[in-house]
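Below: one structure, written as structure tokens.
Convention: sequence-line order gives letters A, B, ...; per-chain numbering from 1.
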Number of protein chains: 2
Amino acid sequence: PAETASGVAESSDIAAQAYAPLDTFLRRHNGPRDSDVGAMLQALGFASLDEMVAATVPASIRLSSPLEISDSEYAEKELLAKLKAIAQKNQVYRSFIGTGYTDVVVPPVILRNILENPGWYTQYTPYQPEISQGRLESLLNFQTVVTDLTGLPAANASLLDEGSAAGEALVVCLNSARKKSRNAFFADRNCHPQTLAVLQTRAEGFGAEIVVGDYKTFDFTALGDRLAGALVSYPDTYGNVDDFRALADTVHGLGGQLVVAADLMSLAVLQPPGEFGADIAIGNTQRFGVPLGYGGPHAAFFATTAANQRRVPGRIIGVSRDAAGNRAYRLALQTREQHIRREKASSNICTAQALLANMAAMYAVYHGPAGIRNIANRIHRFTQVLASSVTRAGLVVENESYFDTLRIRVPDAAAVHQRANERRINLRRIDAHTVGVTLDEAITREELALLVEVFGGDVAALDSLASVAAPSVSESAAVPEGLARQSAILTHPVFSRYHSETEMLRYITQLQNKDLSLANAMIPLGSCTMKLNATTELIPITWPEFGSIHPFAPREQTLGYAHMIDDLERDLAAITGMDATTVQPNSGAQGEYAGLRAIRAYQASQGESSRDICLVPESAHGTNPASAVMAGLSVVIVKCDAKGNLDLADLEAKAVKHSARLSAVMITYPSTFGVFEDGVVRAIEIIHQYGGQVYMDGANMNAQVGLTSPGHMGADVCHLNNHKTLAIPHGGGGPGVGPICVKAHLAPFLPGHPELTKADGSPQSTVGPVSAAPYGSAGVLPVTWSYIKLLGGRGMTQVSKTAILNANYMANRLRDHYSVLFTNENGMCAHEFILDTRVFSKSSGIQAIDIAKRLQDYGFHPPTMSWPVPNTIMIEPTESESKEELDKFCDAMIAIREEIREIEEGKQSRDDNILVNAPHTIAKVSAEEWTHGYSRQRAAYPLPYLKERKFWPSVARVDDAYGDLNLICSCPPLDNYQ
Amino acid sequence: PAETASGVAESSDIAAQAYAPLDTFLRRHNGPRDSDVGAMLQALGFASLDEMVAATVPASIRLSSPLEISDSEYAEKELLAKLKAIAQKNQVYRSFIGTGYTDVVVPPVILRNILENPGWYTQYTPYQPEISQGRLESLLNFQTVVTDLTGLPAANASLLDEGSAAGEALVVCLNSARKKSRNAFFADRNCHPQTLAVLQTRAEGFGAEIVVGDYKTFDFTALGDRLAGALVSYPDTYGNVDDFRALADTVHGLGGQLVVAADLMSLAVLQPPGEFGADIAIGNTQRFGVPLGYGGPHAAFFATTAANQRRVPGRIIGVSRDAAGNRAYRLALQTREQHIRREKASSNICTAQALLANMAAMYAVYHGPAGIRNIANRIHRFTQVLASSVTRAGLVVENESYFDTLRIRVPDAAAVHQRANERRINLRRIDAHTVGVTLDEAITREELALLVEVFGGDVAALDSLASVAAPSVSESAAVPEGLARQSAILTHPVFSRYHSETEMLRYITQLQNKDLSLANAMIPLGSCTMKLNATTELIPITWPEFGSIHPFAPREQTLGYAHMIDDLERDLAAITGMDATTVQPNSGAQGEYAGLRAIRAYQASQGESSRDICLVPESAHGTNPASAVMAGLSVVIVKCDAKGNLDLADLEAKAVKHSARLSAVMITYPSTFGVFEDGVVRAIEIIHQYGGQVYMDGANMNAQVGLTSPGHMGADVCHLNNHKTLAIPHGGGGPGVGPICVKAHLAPFLPGHPELTKADGSPQSTVGPVSAAPYGSAGVLPVTWSYIKLLGGRGMTQVSKTAILNANYMANRLRDHYSVLFTNENGMCAHEFILDTRVFSKSSGIQAIDIAKRLQDYGFHPPTMSWPVPNTIMIEPTESESKEELDKFCDAMIAIREEIREIEEGKQSRDDNILVNAPHTIAKVSAEEWTHGYSRQRAAYPLPYLKERKFWPSVARVDDAYGDLNLICSCPPLDNYQ
Ligand SMILES: Cc1ncc(COP(=O)(O)O)c(C=O)c1O
Ligand SMILES: Cc1ncc(COP(=O)(O)O)c(C=O)c1O
Ligand SMILES: O=C([O-])O
């Protein structure tokens, strides 16, 4: 039977579906009820949703048949049972594979109250510091952990993984070199293989040469002044803890920088890189209480010297003051937003790993300096015992030194792995005679005994071996003289105050309550798609069958993941109208980069390596040109017309002009201006005509699913933001998942990975990986899988329609009060729209930011500010918001318009009015003195609903954030590229 | 090695414990750090904790050897692995056993954000309405669900289970009868067996006669004016839906009341009891989204007529106004507290089932009227199909009518159960030829097909049968003419506003944020032991292996529960120094009742039935005398001396005077005044000397564990409040678990249960059950099991010491500012202490309640008010509070003392001052006008820490709550008994 608008079945439908379960999802996911949909359509003058769609989406691109997703439309309970059965095809072995990933003991108070808590996982990047002080403080804690442990003064608030962090480090080295010719970068062969592989990939676009060698024997002088930097691993992938002081001198002497990929846990007890001359330290913080998740998501770190501080990629949290002079945290200036402003953007990092960075930071808060050191020393002592036992069993430990990892020479590695397998243990497979073992904080005596058995050691000797093992690294012979850490760690009081569970819970809660999340109110950030992250979708990610799998576990143990990823790849291809998919990229920006690389590799295979120009519309998101640059392309900007549409003439002119070198165009659809442009098909034709490929940025897919698709329109490749369209929570600024889907001709050029091999051991793809883990942030893929399987094609189509309905309903309500920029010929926007607030600057001195801050007083998270058009605001409600919420938001916007009018009419002063003083904190409205031309009550409770529900900013306006706030939800306009 | 005070191991200990895990629990559970403990002891003038204990706990009662708990002191991760292995000994079958318990579909948004959320599960009864408006609103929703569905105007905020609710209904019938001789109560034989059994138990103490019969044939006139009431089940236990209109007339005609035990789900589609003449409706709300949990915890309901309203047992939430004239919810007056004030208290209900009531209420909010009706009708349609299929298979459905339950006659029931077993299905075992089946909302087509197979039906006919089945109860022939519901349900807007998950999540969050929980600040409620409810302890309760087990599942499927309960019974006996344990009572008060019944049954077995007097100290908790009355005992009050100790002379005099009739004494230890009295051993001797038994109220066990024990002191029986001492969260006023532990002579008299039989089918105990489920609130027992196994005897002893330390540290800090009532000869309190605030009444007009309300302004939950001494406050910090938190609280109390001094000194007015106006809401401190003699800032932020952390009350003082607030944490003083 025909589904009604919100998916709530009428009782007559039930008769026809006697056996259907009632815990259906669509009506829980979409906000408006059936009756609301009718009223909303009426307000817009449509008789049906389909009529609305017809007026919004060009007929030329509409799908001719409904989107079909096989094996879908499960009810919620069924879905969990189905997914549990798939999950159980994974085998949870104990993995001592190491290679950058270890098992952990997630502090339960963090698991439940952060990872499983919508108050922490649903919000986005803290662009609005006044209502994000909790996450900002926690991310500042993260940076402090990183700077403390690395011994370097500057750190960012996370990167995607160690591999891409190595790539970022490379770029910092290249960029800080005076000469372009300084483009050789040494990488020690004993770095983790996946780090080397991603680094290799990254180097290509920059024309840098990665020289892999043995740093001990390598002749650095041979590279001379070409040496931009050198990367070593500390400890290295086989466990050795080397003294890099001499290397630092050599590298510095040649004018290069030393980059150290470090294990954060070991740094608690080893001399930190900053103390032996490293310029940059990178690595993974997974080990700080974040589940393995088959490779991610985990927060990578990036720390560097003061000299490099302005080159740090990604986001940095800073400490500042608010309008009342109180301390306030904020996103500081020196972020990727700056970088991508520049012509030669060299980093496209946008969504990072905030949620996981928060977990890691809280792990440090929970354990404190002594606790972390105890954990590190215990790991090391277990490792000593294993080393002794193995040696006494007649095997050779090949390490000269070690912290937690041994490389063991055995007569028959296969036999060792077989014995391990019988005990449900994974070891690292190095070669036929060499096995690797990495211990972790979860290790128990029983497990150590199993390991000893596996290596033929004497279990009875365990106690005596423990008593002779050094109790700490500083007394251990396994660590070279001088490399035990002398300096203190985590000296800030925050790491020593919250060690009881009660105190920890309260600290988490206190921070949480400062942050507006989807659990409080709508977050209408345009281009961010802040939809419901449903509980049923989230529950599976903390199942051990998904959470406790090592990314390099043998294939027979990961059949559940394989099943789920196969489903996803097929379903995402169906959604995008493409032929093949990879889920490897762990953000939208990484997807862009992977997609452009696929295009370039394909063109190379066609003998068209010379195609190196990428057309990018001026309205594009900042990650687009940055990704193009990273892929080695030169960016040429294409104009948009006054209506915000692609200027097809300009496009064609530039395609013609650059036809010989035309590699690709990047198109966002619906456009970043929030409109279904009908020139898109023609634009695609033009590019194809001149030999280019079409990349479609999928950030706005929430308006497309089931109505049209990139493939259907003719694009060759697109990415999806699973953390937007497909329900992965934004986590306060990550995790992200940015799969790319491609037409068949590009399929061979999807990224590979050292671990992705064919049966014969040869690589599955000759193209290098973009992520450290083969399937990127695999651990959160169950969210998207569940979303798709709950809704099916029919449900997702209904979602798209509802997203469009909600946006147009709001635009329509606001139209009499604000001017709505960019709609189609029927006055329709897509799933988001821009309000032009530039006019107020003249009329009243009010800027978009003042409106944003005043919206906080109304209990709402402001929309995206000044992107894609400066000094405007872009509103994207998503389908999950109810009509009541939309109406409240519109009421607030309309009330603010009237407040502006009071300034325009001179009833409030231009310098001291209810907007420029916003947001109003409790401290402010309860101050002894009140000198403003408006009342306290108007400041605090301008509309009646606020008496029932009000979210208070915890600090007043953060003064110096203006520069950052212009970047809200994303990167700045591209004017400066032209 | 010797454990340091907080349990944080020094690194030298670590050397000795090379392999010990580091995620140890004790140091996470206790608040003070090692260094704090030293400072706190120093402030008290002790060199060690043991010295402190020696000055606090009388030597005469100290244990001579350490408390030993076998198989304990697990680290957190180990513990979960260990318990998981035990849990997996349970078999999760699909249970269609019914009998009052069915499987459910817990809405995931409720599961994650209420049941798994410390913001909902850690607080206690909403005694302080200004900081509890969230729960109050939700409980009011619960009452509304109950009144709507039952069609009766008055309901309470939950009872413990259907059985005890039937007992409460009996008492209401008895109490509202004019004559004592009206003491016969009819109960239909087709009520649930456990309901009948608990009712029988309850009747005994009141000397009421339960006449079980078939209401259809029973000659009611034979009972004449002895008929107090009649209980029937609707539907009955075998599924019949009868028309009770004629019965109502008969019962009313004889002057009795009609009590209907109803299934809440069926009431959505069946005529409600209130419309066919019922005076009282009771039942379980488990079916509204609360997991089976092997029998509990679930919220029972109690609804009645306006005429009975003042007799309603337990707590009723009411709607009122605050000082600013805004709507505010509160605990209304007509509660059990009133009842137990009276000489013949007839209900001892204190802790109820608030958390589960909130879940059930939220289930109704989430589904709304149409949703609930759809669920009920779907269940009924499945049942129709099963009935048709079974009938076509040649079997006989014995029901004349049905909603969801069939009683099926089969040739060989054993063979049917065997076929069910093969499909992992449980059916109800009625007799050798009769099988029961109850369907539920979780039923799927696949499961129905399995059931059809089990009964030899034709699976191929399922579709055709569905299409001829009536789509709703109102069209169904299975429900008698006139019994389909005509009236609307859940018409209040709250049940129609929050149907999308986003809206639901926000509603839950909005309510949560109005309530101060342990996630925000300490809740120092004396006699309530608001300690940490650790995540590790809580995680297992939502494992399906514990959550999805029917209480009457066959024993072979519940071996995991059996293992855990065996452990618990043994460990609780060790903790209390007793010989045997039952976990059946689901609150402390139920434990008291069960314990006194065991005493009486024992005495009867000794030919001493005439012993019917219970001595109760005047300081006793109100539940004590109430329980005594319920057990058929007459209460005689024993005095306390000026120091708060038992007046031994008075005790002996009364023991002598009543020696022939002396049944028992009830002693709380440490006393409810918070002191380790050293007369306790003598008191016990006296009672024993005169032939009485000693009942020890275990509410204060948190001060005893590992230091002394009831058994060691000589008590014969005691209860434990697992929801206090043993870490089960208070849930906003329940669940509770009140096991009793007894000496060997009482062991045969622990409560039995119809389902607890020996191998030969005979009852395990001849004593009747006190709870509907054999193991009471089994579903939360994993919390206590985990607590004990994490800490072991050593850890729990450390906990007791720390609880005593924390209390004495606070008392010591406050001593210069307030007078501390009742300490021992060394000036030491036990784990709690009373501050005498009575003096301020004269000096400043300030009452204890004003201090309480002002404490809210300081961000704290007030302590217990006016109990056990009127107009004083009783502070119990527990071991889980850090020194920092204790200090903040003391700072607040001291600051308040200075505020009182300002009134005393005339600097603030007696009528308009910072205390009487407290608590100050945001609305108040930001009001346009400010006319008070103190500043806004002082009102809002009297101490600097509040700038960092402040919890705001959501309403101003609830005016008419004074009467209730005197009852805080529990029941009022006993003066009126004398
Ligand atoms: C249009 C557009 N493209 C690309 C991106 C980059 O996605 P990500 O943040 O996942 O890297 C965004 C992010 O907001 C976007 O809005
Ligand atoms: C001393 C004392 N006894 C008995 C009880 C009753 O326990 P419950 O509320 O679990 O019925 C309480 C509850 O606060 C108490 O403080
Ligand atoms: O952060 C951005 O989504 O650009």
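At a 4.5 Å heavy-atom cutoff, A/Asn326 makes no contact with chain B through either its backbone or its side chain. Heavy atoms closer than 4.5 Å to chain B are found in both the backbone and the side chain of A/Gln937. For chain B, no part of A/Phe951 is nearby; none of its heavy atoms comes within less than 4.5 Å. For A/Asn513, the part lying near chain B is the side chain, with the backbone staying farther off; criterion is any non-hydrogen pair under 4.5 Å. For chain B, the nearby parts of A/Glu948 are the backbone and the side chain; heavy atoms of each come within less than 4.5 Å. Neither the backbone nor the side chain of A/Ala370 comes within contact range of chain B; no heavy atoms are under 4.5 Å apart. Using a 4.5 Å cut-off between heavy atoms, A/Ala75 does not touch chain B at all. Proximity to chain B (any heavy atom under 4.5 Å) is restricted, for A/Val385, to the side chain, taken from C-beta onward. Contact of B/Trp952 with chain A is made through the side chain alone, with heavy-atom distances under 4.5 Å. Neither the backbone nor the side chain of A/Met504 comes within less than 4.5 Å of any heavy atom in chain B.
In terms of heavy-atom pairs under 4.5 Å with chain A, the best-connected choice from B/Asn520, B/Thr536, B/Asp23 is B/Asn520. Contacts with chain A were tallied for B/Thr444, B/Asn117, B/Ile443, B/Ile539; B/Ile539 has the most, counting heavy-atom pairs under 4.5 Å. Among B/Asn533, B/Leu462, B/Leu448, the residue making the largest number of heavy-atom pairs under 4.5 Å with chain A is B/Leu462. Between chain A and the residues B/Pro21, B/Ala940, B/Gly31, the most heavy-atom pairs under 4.5 angstrom are made by B/Pro21. In terms of heavy-atom pairs under 4.5 Å with chain A, the best-connected choice from B/Glu885, B/Arg506, B/Arg936 is B/Arg506. For the options B/Glu884, B/Glu76, B/His29, heavy-atom pairs under 4.5 Å to chain A are most numerous at B/Glu884.
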